[in-house]
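Notes to accompany the following structure.
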Amino acid sequence: MVQHERKRLATPPRKIPFTTRLEILFGGLTNRIGWPIFGLGMIFFWVFSLESDLMNIRKFSSDLKTAKGKIYKVRVTGSIVNGKEVEEYSYQFWTESGLHSGTSYSRDQHYHIKNEVVVEYVNEHPEFSRIQGLRTAEYGIAVGLLPLIVPFLGFIMVYLGFKGGNHTIKLLKNGEVGYGKLVKKTATGREINDQIVYQMFFEFQADDGEKYLVETHTHEAYRLEDEDVEVLLYNRERPTEALMFDSMPGEPKVDTEGNIKATGVSVAFGALLVPLLAIGGNLLYMISLIIQFL
């Protein structure tokens, strides 16, 4: 009972300090891993995907017409795809609306200045054109899609981190206190910081008199093994929605009266550093690209 009293939480609804909310939303392990993956992965998007046919799929999905064109400039881009250099071909062609120009890219077909080519263009927007059989960008669709995998995985982790953080905040604010007893512990085969990740099950009895299991995964199992029973919070209406207090994202703390402590400002905003770098760095790059096109 002494252990229970030491970890007693105030009755709901509990006040969750702003800094504690930040630490829970951004300081969890999933977010700490997800944001760097997302931020660094976006570098490949800017370098490869943005310079690929992927960006122009929609432009050429409408009615296309053809016209005869002529190459007036050839440039080696320096890009290598499957061991072959990509060349840029600038061309001009005539339509009913007048003279137009465009650029296409290829690593397999080779043209020279003054060569005649067949140009495909969007009927109502001839500024969207390409040499038939060639790309509209340095890289193909496949090269454009592959770099999206890494930031997408990072985005999924960030999303799951926010979802878990919001769930944690709701339980901290309105959750009922329960006490779980460890009934099963299994090594998952994964490691974080050279520590084994364990799958742990705790059994607790809710206010309805029924017993329920809480599952958690952690590489800090010792935090959930230092007492005979461990404090948890559960949704009174759905007791299966429960979290072990000592393995919550952001590691919230309580004071002697059972209130949720405010996380230090430096710690809370420190958790924002990587997300801000990831978002800010990409925004700056976007702005620089916009300026180039102005």
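We use all heavy atoms of the structure for the numbers below, so side chains are in, but hydrogens, waters and symmetry mates are not. For reference, positions follow the sequence shown, starting with 1.
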Next item on the list: I would like to know whether V254 and K261 meet side chain to side chain contact (heavy atoms under 4.5 Å, CB included); could you show each step before the answer?
Entry: CA-CA 5 Å; V254 294; K261 285 184 178 181; 5.7 Å; no
Next item on the list: Kindly indicate, with the supporting measurements, whether the criterion side chain to side chain contact (heavy atoms under 4.5 Å, CB included) is fulfilled by M286 and W46.
Entry: CA-CA 9 Å; M286 286 177 62; W46 297 118; 3.0 Å; yes
Next item on the list: With side chain to side chain contact (heavy atoms under 4.5 Å, CB included) as the test, would you mind laying out the steps for E85 and I80 before giving the verdict?
Entry: CA-CA 5 Å; E85 279 192 319; I80 306 294; 3.2 Å; yes
Margin query: Determine whether Q199 and E215 satisfy the following criterion, side chain to side chain contact (heavy atoms under 4.5 Å, CB included), listing intermediate values before the conclusion.
Written below: CA-CA 7 Å; Q199 179 186 40; E215 178 186 359; 2.6 Å; yes
Checklist line | side chain to side chain donor-acceptor pair (under 3.5 Å) between S247 and T216, worked out | finding: CA-CA 8 Å; S247 62; T216 187; 3.3 Å; yes
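Contact detail for V150 and G41: the closest heavy-atom pair is CG1-CA, 3.7 Å. Between A268 and E23, the shortest heavy-atom distance links the atoms CA-OE1, 4.0 Å.
Remark: the backbone N or O of K59 is not paired with any side-chain donor or acceptor of N56 at under 3.5 angstrom. Distance alone, capped at 3.5 Å, is enough to place a donor-acceptor pair between the N282 side chain and the A278 backbone. For the pair R14 (side chain) and G175 (backbone), a donor-acceptor distance under 3.5 Å is present. Judged by distance alone, the side chain of T20 and the main-chain N or O of T263 form a donor-acceptor pair under 3.5 Å. A distance-only check finds no donor-acceptor pair linking the side chain of S106 to the backbone of L134 [under 3.5 Å]. The closest donor-acceptor contact from the side chain of D53 to the backbone of T136 lies under 3.5 Å. Judged by distance alone, the side chain of S129 and the main-chain N or O of Y121 form no donor-acceptor pair under 3.5 Å. One N or O on the side chain of E230 and one on the backbone of E227 form a donor-acceptor pair closer than 3.5 Å. A side-chain donor-acceptor contact under 3.5 Å links R223 to the backbone of D246.
At a threshold of 4.5 Å between non-hydrogen side-chain atoms, the residues V47 and P147 do not count as touching. The shortest distance between side-chain heavy atoms of Y91 and N115 does not fall below 4.5 Å. Between T240 and V214, the closest side-chain pair of non-hydrogen atoms is not below 4.5 Å. Contact check for T66 versus Q132: side-chain heavy atoms found under the 4.5 Å cut-off. Y159 has its side chain out of reach of M157: every pair of non-hydrogen atoms, C-beta onward, lies at least 4.5 Å apart. The shortest distance between side-chain heavy atoms of L148 and L54 falls below 4.5 Å. Put simply, the side chain of N82 reaches to within 4.5 Å of the side chain of R107, judged on heavy atoms.
Summarising the geometry, atom CD1 belonging to I131 is positioned 3.5 Å from atom CD1 belonging to I71; distances are rounded to the nearest 0.5 Å. Put simply, OH on Y89 and CZ on R135 are 11.0 Å apart, with the number rounded to the nearest 0.5 Å. Between the CG atom in D255 and the CG atom in L9 there is a gap of 9.5 Å [rounded to 0.5 Å]. For the atom pair CG (L153) and CD1 (I33), the distance works out to 12.5 Å, reported to the nearest 0.5 Å. Remark: M200 CE to T188 OG1 distance equals 12.0 Å, nearest 0.5 Å. The structure places NZ of K84 at 15.5 Å from OG of S79, a figure rounded to the nearest 0.5 Å.
Side-chain atoms of Y105 and E88 form a donor-acceptor pair, as typed in the model, at a separation below 3.5 Å. A donor-acceptor contact under 3.5 angstrom links the side chains of E87 and H110, judged on distance only. H100 and T95 form a side-chain donor-acceptor contact under 3.5 Å, judged by distance and modelled atom types alone. Looking at Q195 and E220, their side chains never bring a donor and an acceptor atom within 3.5 Å of each other. For T103 and S90, the side-chain atoms include no donor-acceptor pair closer than 3.5 Å.
The hydrophobic cluster containing V274 does not contain L29, counting ILVMFWY residues as joined when their side-chain heavy atoms lie under 4.5 angstrom apart, directly or transitively. By the criterion of side-chain heavy atoms lying less than 4.5 angstrom apart, applied directly or through intervening Ile, Leu, Val, Met, Phe, Trp or Tyr residues, F202 is not grouped with V177; the two fall into different hydrophobic clusters.
For the side chain to side chain contact (heavy atoms under 4.5 Å, CB included) criterion with L243, the lone passing option out of T168, L172, L232, N235 is T168.
Taking the ring centre of F60 as origin, the terminal cationic atom of R130 falls inside the region bounded by 6.0 Å and 45° from the ring axis. Cation-pi geometry between K185 and Y198 is met: the NZ or CZ atom falls under 6.0 Å from the ring centre, inside 45° of the normal.
In this structure, the ring of Y179 has its center no less than 6.0 angstrom from the ring center of F204. Here the two rings, on Y212 and Y234, have centers that are 6.0 Å apart or farther.
The aromatic rings of F128 and H125 are tilted relative to each other, their planes meeting at an angle between 30° and 60°. Between F162 and W35, the angle of the ring planes goes over 60°, which puts this pair in the perpendicular group of the 30/60° scheme.
With respect to the salt-bridge test (charged N to carboxylate O, under 4.0 angstrom), the residues D228 and K181 do not qualify.
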